[in-house]
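All residue numbers in this chain count up from 1 along the given sequence.
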Amino acid sequence: DNNIKTFIYKGEYNMNTEFDLYGFNLPCGLIHDQKLSNVKVENDTIVLTFDIELYPQNYSDDTVYNQYKDFKHCDMIIEMPECSDPNLQFQTTANSKGEFKGLQLEVEDFVDALNNASSAEFVDCYVRCGEVIVDLAVGFYDAKGDCKKYKKYTWCVINTEASKLKWNWY
């Protein structure tokens with residue numbers, strides 16, 4: 001695929017993939033439903049770390065499974081242009097009228113809430129003309145303290161300009 005560059009580091013147990021931000025296809029199936037274990041935002045970079053558990057019965061192509069089966073984590077690294085202002089939101093599911101509620105958060109509050117969610121799992125990721133959109137399913141069902149106010153939200157959307165999108169598998 002012309003919009004993906006993969007680098008495998010010999011002697012080290014990791015693989016990095018960099019994506020073309022003006023392409024359309026991202027191989028998101030590998031991290032679909034994978035658990036988010038940490039999120040951080042530093043120096044115009046968002047890093048989402050996922051714990052990886054792959055099962056051979058979920059893949060019709062043994063080649064794909066065998067290429068990724070030994071990796072236990074994946075960092076999705078979104079490098080943003082300097083002084084970017086990412087749109088970080090939690091959203092409710094739509095009601096019968098198609099209405100939903102959203103809450104936009106500042107970076108620090110967003111990172112704290114997402115790192116303290118009861119659950120967060122990767123759903124999908126899109127690239128559009130230098131913009132990255134990441135969707136996560138979230139749950140705050142046993143939230144305590146300040147995170148109780150997020151209990152009604154079941155969806156997380158990260159939308160930002162990006163200069164690079166990389167996945168680091170290890």
Side-chain angles (χ1 to χ4, degrees), residues 1-81 84 86-91 93-94 107 110-111 113-141 153-170:
D1 194 332
N2 290 338
N3 64 352
I4 301 173
K5 296 178 191 170
T6 299
F7 307 95
I8 299 174
Y9 297 96
K10 304 292 182 204
E12 294 181 26
Y13 195 61
N14 68 5
M15 177 173 64
N16 290 321
T17 306
E18 185 174 327
F19 300 95
D20 177 358
L21 294 172
Y22 294 90
F24 294 99
N25 296 321
L26 294 176
C28 294
L30 289 163
I31 60 173
H32 185 71
D33 289 338
Q34 300 297 329
K35 182 182 181 213
L36 179 73
S37 60
N38 188 51
V39 61
K40 63 183 176 182
V41 179
E42 297 174 338
N43 302 324
D44 297 316
T45 301
I46 299 172
V47 180
L48 302 165
T49 301
F50 296 94
D51 293 338
I52 305 298
E53 286 189 55
L54 302 179
Y55 302 98
Q57 64 271 21
N58 293 346
Y59 297 90
S60 60
D61 182 353
D62 286 342
T63 306
V64 172
Y65 172 75
N66 288 331
Q67 182 178 359
Y68 291 92
K69 71 179 181 178
D70 294 324
F71 296 115
K72 301 300 178 205
H73 306 282
C74 179
D75 290 336
M76 176 185 285
I77 304 165
I78 305 167
E79 294 181 18
M80 302 175 289
S84 291
N87 184 347
L88 309 168
Q89 294 184 23
F90 289 123
Q91 298 175 354
T93 53
V107 171
F110 176 82
V111 168
L114 200 50
N115 281 330
N116 288 296
S118 304
S119 67
E121 296 177 352
F122 181 87
V123 176
D124 213 344
C125 180
Y126 315 89
V127 293
R128 249 190 339 228
C129 299
E131 178 181 41
V132 173
I133 302 163
V134 179
D135 293 331
L136 304 170
V138 295
F140 293 94
Y141 44 84
Y153 300 102
T154 58
W155 201 253
C156 171
V157 178
I158 299 167
N159 184 339
T160 187
E161 289 180 79
S163 53
K164 284 186 184 179
L165 173 62
K166 302 184 287 191
W167 290 357
N168 180 30
W169 298 86
Y170 54 99

Quiz item: Any idea how Tyr65 and Tyr59 line up, ring-wise: parallel (<30°), tilted (30 to 60°), or perpendicular (>60°)?
Solution: tilted
Quiz item: Stepwise, does the side chain to side chain contact (heavy atoms under 4.5 Å, CB included) test hold for Leu165 with Ile77?
Solution: CA-CA 6 Å; Leu165 173 62; Ile77 304 165; over 6 Å; no
Quiz item: Do the side chains of Ile78 and Thr160 get nearer than 4.5 Å, heavy atoms only?
Solution: yes
Practice problem: Under the side chain to side chain contact (heavy atoms under 4.5 Å, CB included) rule, what do Gln34 and Cys74 come out as? Steps first, then yes or no, please. | Solution: CA-CA 9 Å; Gln34 300 297 329; Cys74 179; over 6 Å; no
Quiz item: NZ of Lys69 to CG of Asp62: how many Å apart, nearest 0.5 Å?
Solution: 9.5 Å
Quiz item: Passes side chain to side chain contact (heavy atoms under 4.5 Å, CB included), Trp169 versus Ile31? Steps please.
Solution: CA-CA 11 Å; Trp169 298 86; Ile31 60 173; 3.5 Å; yes
Quiz item: Just wondering, more than 12 heavy atoms not from Glu161 lying within 6.0 Å of its CD?
Solution: no
Quiz prompt | Salt-bridge present (Lys35, Glu53; N to O < 4.0 Å) | solution = no
Exercise. Could you tell me which non-hydrogen atom of Leu114 sits nearest to which non-hydrogen atom of Cys156, and how far apart they are?
Key: CD2-SG, 4.2 Å
Exercise. Sequence neighbours left out, what pairs pass side-chain hydrogen bond (donor to acceptor under 3.5 Å, both in side chains) with at least one residue falling in residues 40-50?
Key: Thr49-Asp75
Exercise. Please examine the side chains of Lys166 and Thr17, heavy atoms only from C-beta on, and report whether any two atoms are closer than 4.5 Å.
Key: no
Quiz item: Any idea how Phe122 and Phe50 line up, ring-wise: parallel (<30°), tilted (30 to 60°), or perpendicular (>60°)?
Solution: perpendicular
Self-check item: Polar contact flag, side-chain donor to acceptor under 3.5 angstrom, Glu18-Asn16
Solution: no
Quiz item: CZ/Phe110 to CG/Leu88 distance, rounded to the nearest 0.5 angstrom?
Solution: 5.0 Å
Practice problem: Identify the heavy atoms of Gly130 and Tyr22 that sit nearest to each other, and give their distance. | Solution: N-CE2, 3.5 Å
Quiz item: Which heavy-atom pair separates Tyr68 from Met15 by the least distance, and what is that distance?
Solution: CE2-CE, 3.2 Å
Exercise. Apply the test side chain to side chain contact (heavy atoms under 4.5 Å, CB included) to residues Tyr126 and Cys28: give CA-CA distance (whole Å), side-chain angles for both, the deciding distance (0.1 Å), then the verdict.
Key: CA-CA 9 Å; Tyr126 315 89; Cys28 294; over 6 Å; no
Quiz prompt | Ile52 CD1 to Tyr170 OH distance, which is reported to the nearest 0.5 Å | solution = 9.0 Å
Quiz item: Do you know the tightest heavy-atom contact between Ile158 and Ile46?
Solution: CG2-CD1, 4.0 Å
Quiz prompt | Ser163 side chain near Met80 side chain, heavy-atom distance below 4.5 Å | solution = no
Quiz item: Atom CG of Leu136 and atom CD of Glu121: how far apart are they, to the nearest 0.5 Å?
Solution: 9.5 Å
Quiz item: Side chains of Val107 and Pro86: closer than 4.5 Å at any heavy-atom pair?
Solution: yes
Self-check item: Side-chain donor or acceptor of His32 paired with backbone N/O of Val123 under 3.5 Å
Solution: yes
Practice problem: Find the distance between CD (Glu131) and CG (Asn87) and round it off to the nearest 0.5 Å. | Solution: 9.0 Å
Quiz item: Which distance, rounded to the nearest 0.5 Å, do you find between the CG of Leu30 and the CD of Gln67?
Solution: 8.0 Å
